Amino acid sequence: MSLFWLLLVIVGLAAGTFGSLIGLGGGIIIVPSLMFIGQIFPEFSNITPSIAVGTSLLLVVLTSLSSTLFFAKQKRVDFQSGWLYFLGSGPGSILGAYFTRYFKADSFFIAFGLFMIVISIILTIKDRLPVKRIHWDVSRTFVDGFGQKYEYGYHRVMVVTISFFIGMLSSLFGIGGGSLLVPVMIILFAYPPHVATATSMFIILLSSSVGSITHLIQGNVHFLAALLLAPGAWLGGKAGAWISSKLSGKGLLIVFRVSLILMAIRMILNGFHII
């Protein structure tokens with residue numbers, strides 16, 4: 001039992017730091033970790049994919065709150081566009097939470113891994129893709145706390161539509177949605193990486209809160225695991241936000257791509273029982 005406690009404290013810290021660093025929310029670490037722990041410790045074998053996702057999403061709320069508060073002090077969060085994304089991601093997160101009941105462990109690992117590889121490939125080749133200007137009906141000029149000026153924009157209908165599916169997938173996989181939100185913001189709407197990751201954490205805070213309520217109602221939360229993960233997730237959220245502020249935009253993208261691929265390979269191999 002003590003080893004289980006220690007593992008969860010470490011997982012919470014790693015997930016909070018990593019998730020906040022690249023705008024993911026931390027579920028990308030918490031979900032597979034809970035699944036692995038459930039396989040190692042027989043007394044926690046009741047941690048099914050649905051419970052792992054529900055518990056993860058509850059911790060994502062804590063991590064995203066911690067990092068959003070930090071980013072807000074640096075004035076890196078675009079709250080105006082964040083609320084627009086939530087109009088779509090909120091309802092989508094409710095639907096995604098409902099669909100988790102249909103996942104089996106092996107197929108869950110494989111689907112999650114393939115999902116992350118696709119995103120990492122898109123981010124890698126995005127600069128080589130033919131440029132097709134998307135008509136923006138909103139143009140934004142944003143100045144952060146360091147005086148850096150950014151210009152980007154978005155299309156309202158497209159934002160709400162895309163964020164609905166992102167919210168559904170994020171709640172389905174318990175990852176908070178940053179693995180899709182950040183690429184969409186950067187590739188389609190020209191958000192600077194630092195603004196994208198910070199704003200992503202705010203959107204994740206809103207949508208994961210809605211998704212967590214749905215999971216709580218369905219009984220998909222392991223409360224002991226959540227309690228032990230919480231301190232590390234909170235501290236990690238602040239640590240990741242601080243590290244992010246020290247990296248360049250290019251550095252953030254490199255960390256994001258490499259991290260997705262490594263985690264994806266690990267999950268796919270586990271899904272096929274190779275490791």
Side-chain angles (χ1 to χ4, degrees), residues 7-8 11 14-15 18-19 22-42 44-60 89 92-126 162 164-184 187 200 204 207-208 211-212 214-215 218-222 225 229 255-275:
L7 282 174
L8 286 182
V11 167
F18 180 78
I22 56 178
L24 285 177
I28 201 172
I29 290 179
I30 294 175
V31 172
S33 296
L34 286 177
M35 294 293 293
F36 297 149
I37 289 173
Q39 294 172 355
I40 295 173
F41 298 91
F44 296 99
S45 58
N46 65 325
I47 299 181
T48 62
S50 294
I51 292 177
V53 167
T55 305
S56 169
L57 209 58
L58 188 63
L59 270 299
V60 167
S89 63
S93 65
I94 296 175
L95 187 61
Y98 174 78
F99 283 136
T100 55
R101 66 179 67 187
Y102 300 108
F103 262 114
K104 294 183 179 179
D106 293 344
S107 61
F108 179 83
F109 277 127
I110 296 170
F112 198 178
L114 292 174
F115 165 73
M116 289 190 290
I117 286 179
V118 169
I119 298 305
S120 63
I121 291 174
I122 292 175
L123 280 175
T124 301
I125 67 173
K126 72 179 181 68
I162 292 175
F164 173 82
F165 290 102
I166 290 176
M168 183 174 65
L169 289 172
S170 66
S171 189
L172 183 66
F173 290 120
I175 58 174
S179 54
L180 276 177
L181 275 174
V182 174
V184 163
I187 297 172
S200 169
I204 287 170
S207 59
S208 60
S212 292
T214 306
H215 280 291
Q218 294 180 338
N220 293 336
V221 175
H222 194 292
L229 284 163
V255 172
F256 190 90
R257 292 197 300 262
V258 172
S259 302
L260 284 183
I261 291 176
L262 292 177
M263 286 296 296
I265 293 174
R266 178 69 176 84
M267 294 194 73
I268 291 173
L269 293 177
N270 188 77
F272 283 111
H273 301 287
I274 296 177
I275 55 174

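Being a predicted model, the structure only gives us computed values, none of them experimental.
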Interatomic distance, [X] atom [atom1] to [Y] atom [atom2] [nearest 0.5 angstrom]:
| X | Y | atom1 | atom2 | result |
| --- | --- | --- | --- | --- |
| Ile117 | Ile265 | CD1 | CD1 | 6.0 Å |
| Ile94 | Ser207 | CD1 | OG | 10.5 Å |
| Ile204 | Ser93 | CD1 | OG | 12.0 Å |
| Thr214 | Asn220 | OG1 | CG | 10.0 Å |

Min side-chain heavy-atom separation Leu58-His215 under 4.5 Å: no
Exercise: identify the closest heavy-atom pair between Val221 and Ile51: C-CG2, 4.3 Å
Those residues that, when tested against Phe36, pass ring-ring contact (aromatic ring centres under 6.0 Å, His included) (two or more places apart): Phe109
Residue pair Leu34, Leu8: steps toward the side-chain contact (heavy atoms from CB on, under 4.5 Å) verdict: CA-CA 8 Å; Leu34 286 177; Leu8 286 182; 3.8 Å; yes
Stepwise side-chain contact (heavy atoms from CB on, under 4.5 Å) test for Leu57 and Ser208: CA-CA 6 Å; Leu57 209 58; Ser208 60; 4.0 Å; yes
